[in-house]
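All values below come from the heavy atoms of this structure, side chains included, with hydrogens, waters and symmetry mates left out. Remember, it's a predicted structure, so these values are computed and weren't measured experimentally. The sequence lines fix the lettering, A, B, ..., with proteins before strands; numbering per chain opens at 1.
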Amino acid sequence: MKNSFRDRVYTIAAKIPKGKVVTYGQLAKMAGSPQAARAVGMSMRCNTDRKKVPCHRVVASNGALTGYAFGKGVTTKKEILLKEGVVFKSNKVDLIRSQWTGR
DNA sequence: AGATTGACCGTGT
DNA sequence: GACACGGCCAATC
């Protein structure tokens, strides 16, 4: 165990229920640093275990899909989220319906 | 050890 | 509503 910020993000991201998404800011807050949204994204970028860390369930605060280190990038990410049952609004995720508040 | 980048967020114009 | 700027955190070069 590394007990690093990254490890914490991994653990929390793994807790995200299927069909729900979390914003980087929210995840950062859960990790202990409300302003470390960027650091969260970086941890995700370095992440290689998409089975253990559903990084595709992590989206921007405005519901827009960003990055993704696998498949076709945001394209694959959107497909996966759509399959998971996440509600999409235009080209973004409907946070009103699919944002996981951590409860 | 220092400097730079990066899958961001909030606010202002 | 869209575009631009600055600020914060951690990891990587």
Side-chain angles (χ1 to χ4, degrees):
Chain A
M1 307 217 228
K2 289 149 194 191
N3 288 79
S4 314
F5 182 81
R6 207 163 125 188
D7 192 51
R8 242 178 328 220
V9 175
Y10 272 73
T11 307
I12 297 168
K15 287 180 196 150
I16 305 174
K18 179 181 153 207
K20 292 263 166 135
V21 294
V22 177
T23 67
Y24 292 97
Q26 194 77 53
L27 188 56
K29 195 171 179 181
M30 294 176 187
S33 298
Q35 307 298 60
R38 305 183 78 162
V40 173
M42 184 170 281
S43 298
M44 288 291 155
R45 190 185 193 267
C46 188
N47 151 36
T48 57
D49 296 286
R50 71 169 163 184
K51 288 172 66 106
K52 296 183 71 167
V53 186
C55 36
H56 58 264
R57 286 183 192 157
V58 187
V59 300
S61 62
N62 61 322
L65 302 181
T66 44
Y68 200 54
F70 301 107
K72 294 274 191 176
V74 297
T75 308
T76 303
K77 187 170 175 178
K78 183 184 173 189
E79 292 294 301
I80 296 171
L81 289 172
L82 204 62
K83 270 187 172 191
E84 294 285 282
V86 176
V87 184
F88 267 76
K89 191 74 171 173
S90 259
N91 211 14
K92 300 181 188 69
V93 180
D94 189 353
L95 297 174
I96 312 294
R97 282 240 184 217
S98 304
Q99 185 177 101
W100 180 56
T101 52
R103 184 178 60 85

Length of the line joining [X]:[atom1] and [N]:[atom2], which is rounded to integer Å:
X: A:Tyr10; N: C:dA11; atom1: OH; atom2: P; result: 11 Å
X: A:Phe5; N: B:dG6; atom1: CZ; atom2: P; result: 18 Å
X: A:Lys29; N: C:dA10; atom1: NZ; atom2: P; result: 17 Å
X: A:Asp7; N: C:dA10; atom1: CG; atom2: P; result: 14 Å
X: A:Leu27; N: C:dC9; atom1: CG; atom2: P; result: 16 Å
X: A:Leu81; N: B:dA7; atom1: CG; atom2: C1'; result: 13 Å
X: A:Leu95; N: B:dC9; atom1: CG; atom2: P; result: 10 Å
X: A:Tyr24; N: B:dG10; atom1: OH; atom2: P; result: 14 Å

(request) Show which residues join A:Tyr68 in its hydrophobic cluster (side-chain heavy-atom contacts under 4.5 Å, direct or indirect), or state none. (result)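 Cluster partners of A:Tyr68: A:Phe70, A:Ile80.
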
(message) Please say yes or no: joined through hydrophobic side-chain contacts below 4.5 Å, possibly via intermediate residues, are A:Val53 and A:Leu27 part of one cluster?
(response)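 In one cluster: yes.
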
(message) Under 4.5 Å between side-chain heavy atoms, counting indirect links through other Ile/Leu/Val/Met/Phe/Trp/Tyr residues: same cluster for A:Phe88 and A:Leu95 or not?
(response) yes

(request) Classify the side chain of A:Tyr68 and the base of B:dA7 as holding, or not holding, a donor-acceptor pair under 3.5 Å. (result) no

(message) By nearest heavy atom, map A:Gln35 and A:Arg6 onto DNA chain C; which one lands nearer the 5' end?
(response) A:Gln35

(request) Can you spot which of A:Arg57, A:Lys18, A:Lys77 makes a salt bridge (charged side-chain N to carboxylate O under 4.0 Å, His left out) with A:Glu84? (result) A:Arg57

(request) Look at A:Ser33 and C:dC9 and indicate whether a side-chain polar atom (N or O) is within less than 4.0 Å of OP1 or OP2. (result)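 For C:dC9, neither OP1 nor OP2 has a side-chain N or O of A:Ser33 closer than 4.0 Å.
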
(message) Tell me whether A:Ser98 contacts the main-chain N or O of A:Val87 through its side chain, where contact means a donor paired with an acceptor under 3.5 Å.
(response)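 Side chain of A:Ser98 to backbone of A:Val87, a donor-acceptor pair under 3.5 Å: yes, one is there.
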
(request) Without swapping roles, check the side chain of A:Lys52 against the backbone of A:Ala14 for a donor-acceptor pair under 3.5 Å. (result)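 Checked: no pair found.
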
(request) Could you work out which one of B:dC9, C:dT12, C:dC9 sits closest to the side chain of A:Ala36? (result)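 Taking heavy atoms from C-beta onward, the closest nucleotide is C:dC9.
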
(request) Compare the minimum distances between each of C:dA11, B:dA7, B:dC9 and the side chain of A:Cys55, then state the nucleotide with the smallest one. (result)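 Looking only at heavy atoms from C-beta outward on A:Cys55, the closest nucleotide is B:dA7.
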
(request) Kindly state which residues belonging to residues 37-44 of chain A come within less than 4.0 angstrom of DNA chain C, counting heavy atoms of the residue only, listed by number. (result)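 Correct list: A:Arg38, A:Ala39, A:Met42.
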
(request) Over all heavy atoms of both residues, which pair between A:Lys20 and A:Arg97 is shortest? Give the atoms and the distance, please. (result)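 Shortest heavy-atom contact: CE-O, 4.2 Å.
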
